[in-house]
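Structure first, then comments.
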Amino acid sequence: MPTDAEHSRRGDIEEHHLRLRNLRLSDYPDIKQIMDHVYANLGGAWSRKQFAAQINRFAEGQICIEDNGRVIAAAISMIVEYDRFGDKHTYQEITDHGFLTNHDPNGDVLYGVDVFVHPEYRDMRLGRRLYDARKELCRKLNLRAIVAGGRIPGYQKHARELTPERYIELVKLRELYDPILSFQLANDFHIRRIITGYLPEDVESRAFATLVQWDNIFYEAERTPLIGGRKKTVRVGTVQWQMRRVQGLDDLMTQVEFFVDALAGYNCDLILFPELFNAPLLAQFNQDEPAEAMRGLARHTDEMREAMLGLAVSYNTNIICGSMPVYEQNKLYNVAYLCRRDGTTANQYKLHATPDERFYWGVQGGEFLHVIDTDVAKIGILICYDVEFPELGRLLADQGMQLLFVPFWTDTNNAYLRVRRCAQARAIENECYVAITGSVGNLPQVENIEIQYSQAAVFSPAEFAFPHDGIVAESTPNTEMTLIVDLDMDKLKTLRAEGSVRNIKDRRLDLYRIEWLDHQNE
């Protein structure tokens, strides 16, 4: 009978202690043992000279997993200038028979030479760990992609009745399983093309192979400059604005500057004000004629825009000026302005006037929608009611929008909740951040804009990397205050390429699409 000590020793031996690391020359006996098992029909292991050349030329690219000090899986890689070889190369050509003499430290692609796992460990998903390690290496080296030639050993069972193209299509559809291609597709690789003669001795694949690629979404063709480069983290500030009586434009701008000063002091990149935040100035006009009063307010818009542009420049921030009325060519519009810190401006007209805006003020909807570029991100602006039309958010997302700003004015909780719920939906379906803010308080004796209800908030997509409820931050309802949040833009890139759901990527454009009708050219 075995003693307790012997049981203990066996338990220690059987317990796994996995470690990911780079390969060393001393690992060759373990590598040889694995390759002789895995590639018994393809010539077995590399020679010691080939293995040494791989490590000496590109040590960082040779990765392994050890268990209790024994190598049990490995991934071999090299860097190439891919255009030198193109899509019609063979395995022996590009790897130089395993010696990797074509390795180019200044290349643009990480080339996958081999991945193999000891047969005793194939139920532990070690291949996925090695692929993830390769992806991380690709990102750290700022290479644009990983490319590999993949065998299709499962094809031997279907070669009589299926062409390679049909076999691969059925594997993509999960109608068939291939031990290599199915694994690569599950790890976010896509097929560039089918190649013949890639590994002539590969009888199982009938010498066919798939050239597969994984794209590095963080690749930068040129390194980000040390000064003036686009930020990975964007700081957004919102102003939950208190409506109050003011003596005039100077008094109102004093309040505006107070908030810009406060948020710029926290280095906010973008500051959002509410829709029609300058409504306190309406009090100076005849309240018996709401439409004329709003047109009177529009006379202040140019001056306010210029004043806020001056604040953006002097406080080194970008300001979304909520919205203000604009009267041009005998038409009244509701317009949001972006005042950039570089001294330039952009605007977005409200496209959908509410029934109340049309009835009391005669507001009309604008005719253009566009993404606005800033020094930190591509943004979109949808004023209040516009966010309730999902087509607009999708059109902006198709133009590369990353941040959506929604200045709103609502007077009741149910009106506010319409804006809020729709803003959250836009964040999910368009895989972007959405910031909303409105006004609080009241304006006695100002017709049609007497009371306000608001709770500013910033929303994110619904994914593991973001808050579980999709709410990055939110203010106290109906209280004048600011909200400041940091938004990680790289998370959006990862979500759009590798998320558990990919709302933009997975649209069925073969069945439906959204198009902007340029009626002026009809």
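Side chains included, hydrogens not; waters and symmetry mates left out as well; all remaining heavy atoms used. The first residue of the sequence shown is numbered 1, and numbering continues consecutively from there.
For the ring-ring contact (aromatic ring centres under 6.0 Å, His included) test, residues two or more places apart in sequence or in another chain that qualify with H37 are H118. Evaluation of the ring-ring contact (aromatic ring centres under 6.0 Å, His included) rule for Y39 yields no partner, not counting sequence neighbours. With sequence neighbours excluded, the residues forming a side chain to side chain contact (heavy atoms under 4.5 Å, CB included) with P390 are R426, E429, listed by chain and number. Residues meeting the salt bridge (charged side-chain N to carboxylate O under 4.0 Å, His left out) test with R128, sequence neighbours left out: none. F208 meets the ring-ring contact (aromatic ring centres under 6.0 Å, His included) test with no other residue; sequence neighbours excluded. Residues passing the salt bridge (charged side-chain N to carboxylate O under 4.0 Å, His left out) test with R19 are E66, sequence neighbours excluded. By the ring-ring contact (aromatic ring centres under 6.0 Å, His included) test, Y315 is found to be paired with no residue, residues two or more places apart in sequence or in another chain being considered. By the side chain to side chain contact (heavy atoms under 4.5 Å, CB included) test, D83 is found to be paired with no residue, residues two or more places apart in sequence or in another chain being considered. D510 meets the salt bridge (charged side-chain N to carboxylate O under 4.0 Å, His left out) test with R508; sequence neighbours excluded.
The heavy-atom pair separating L110 from R134 by the smallest distance is CD2-O, 3.7 Å. The two atoms that bring C268 and T317 nearest to each other are O-OG1, 2.8 Å, heavy atoms only. Taking both residues in full, the closest heavy atoms of Y91 and T95 are given as O-OG1, 2.8 Å, listed atom of the first, atom of the second, then distance. Scanning both residues, E81 and D108, for their nearest heavy atoms gives CA-OD1, 3.6 Å. Shown here for L185 and F189, the closest heavy-atom pair between the two residues is CD2-O, 3.5 Å. In terms of heavy-atom proximity, A456 sits nearest to T238 at CB-OG1, 3.7 Å.
Checking each of H190, Q184, R193 against V212 for a side chain to side chain contact (heavy atoms under 4.5 Å, CB included) leaves exactly one that passes, namely Q184.
Remark: the T374 side chain and the R340 side chain contain no N/O donor-acceptor pair separated by less than 3.5 Å. Residues Q213 and D215 bring a donor and an acceptor atom of their side chains to less than 3.5 Å of each other. Between T437 and Q240, the side chains place no donor N or O within less than 3.5 Å of an acceptor N or O (distance only, hydrogens not considered).
Remark: side-chain polar atoms of N347 are not paired, donor with acceptor, to backbone N or O of A336 under 3.5 angstrom. Remark: side-chain polar atoms of D67 are not paired, donor with acceptor, to backbone N or O of R70 under 3.5 angstrom. Checked by atom type and distance alone, the side chain of D96 never pairs as donor or acceptor with a backbone atom of N102 at under 3.5 Å. The main-chain N or O of Y198 is never found under 3.5 Å from a side-chain atom of T90 such that the two would form a donor-acceptor pair. With hydrogens and angles disregarded, no donor-acceptor distance shorter than 3.5 Å links the side chain of R144 to the backbone of A221. A donor-acceptor contact shorter than 3.5 Å is absent between the side chain of E201 and the backbone of L42. No donor-acceptor distance shorter than 3.5 angstrom exists from the side chain of Q92 to the backbone of L199, with no hydrogens or angles considered. Put simply, the side chain of D104 never gets that close to the backbone of V80: no donor and acceptor are under 3.5 Å apart. Checked by atom type and distance alone, the side chain of Q62 never pairs as donor or acceptor with a backbone atom of L23 at under 3.5 Å. Put simply, the side chain of H370 never gets that close to the backbone of L396: no donor and acceptor are under 3.5 Å apart.
Aromatic rings from Y111 and H89 are positioned such that their centres are separated by under 6.0 Å. Less than 6.0 angstrom separates the ring centroid of Y131 from the ring centroid of F183.
Within the 4.5 Å cutoff, the side chain of Y82 has no heavy atoms near those of the R84 side chain. For the pair C384/V406, no side-chain contact is recorded, criterion being any heavy-atom separation below 4.5 Å from C-beta on. Here the side chains of L270 and F405 are in contact, with some heavy-atom distance below 4.5 Å. Looking only at side-chain heavy atoms (C-beta outward), P407 and L272 come within less than 4.5 Å of each other.
Note that OG1 of T163 is 8.5 Å distant from CD1 of I168, once rounded to the nearest 0.5 Å. In this structure, CG on D202 lies 8.5 Å from CD1 on I152, to the nearest 0.5 angstrom. How far CD1 of I65 is from CZ of R21: 11.0 Å, rounded to the nearest 0.5 Å. Rounded to the nearest 0.5 angstrom, I319 CD1 and L338 CG are separated by 9.0 Å. With rounding to the nearest 0.5 Å, the separation of CD1 in I379 from CD1 in I372 is 5.0 Å. The distance from atom CZ of R174 to atom CG of L170, rounded to the nearest 0.5 Å, is 13.5 Å.
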Distance-only donor-acceptor hits, side chain of residues 494-502, under 3.5 Å, sequence neighbours excluded:
unit_1: T494; atom_1: OG1; unit_2: D490; atom_2: O; d: 3.2
unit_1: R496; atom_1: NE; unit_2: E431; atom_2: O; d: 3.1
unit_1: R496; atom_1: NH2; unit_2: M401; atom_2: O; d: 2.9
unit_1: R496; atom_1: NH2; unit_2: E431; atom_2: O; d: 2.9
unit_1: E498; atom_1: OE2; unit_2: R139; atom_2: NH2; d: 3.0
unit_1: S500; atom_1: OG; unit_2: E463; atom_2: OE1; d: 3.1
unit_1: S500; atom_1: OG; unit_2: E463; atom_2: OE2; d: 2.8
unit_1: R502; atom_1: NE; unit_2: G499; atom_2: O; d: 2.9
unit_1: R502; atom_1: NH1; unit_2: A497; atom_2: O; d: 3.3
unit_1: R502; atom_1: NH2; unit_2: D188; atom_2: OD1; d: 3.3

Please tabulate, for side-chain N and O atoms in residues 418-425, each donor-acceptor pair with protein atoms closer than 3.5 Å (sequence neighbours left out).
unit_1: R420; atom_1: NH1; unit_2: Y416; atom_2: OH; d: 2.9
unit_1: R420; atom_1: NH1; unit_2: E474; atom_2: OE1; d: 3.3
unit_1: R420; atom_1: NH2; unit_2: E474; atom_2: OE1; d: 2.8

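Taking 4.0 Å as the cut-off between side-chain N and carboxylate O, D398 and R507 count as a salt-bridged pair. Under a 4.0 Å N-O distance rule, the pair R341/D375 qualifies as a salt bridge. Using a 4.0 Å cut-off between charged nitrogen and carboxylate oxygen, D87 and R192 count as a salt-bridge pair. Of the charged side-chain nitrogens involved, none lies within less than 4.0 Å of a carboxylate oxygen, so that R24 and D30 do not count as a salt-bridged pair. In summary, D269 and R235 do not engage in a salt bridge, as defined by a charged side-chain N under 4.0 Å from a carboxylate O.
For residues 159-181, the ring pair (Phe, Tyr, Trp, His ring centres under 6.0 Å) pairs, not counting sequence neighbours, are Y155-Y167, H158-Y167.
Between Y28 and F51, the angle of the ring planes lies from 30° to 60°, which puts this pair in the tilted group.
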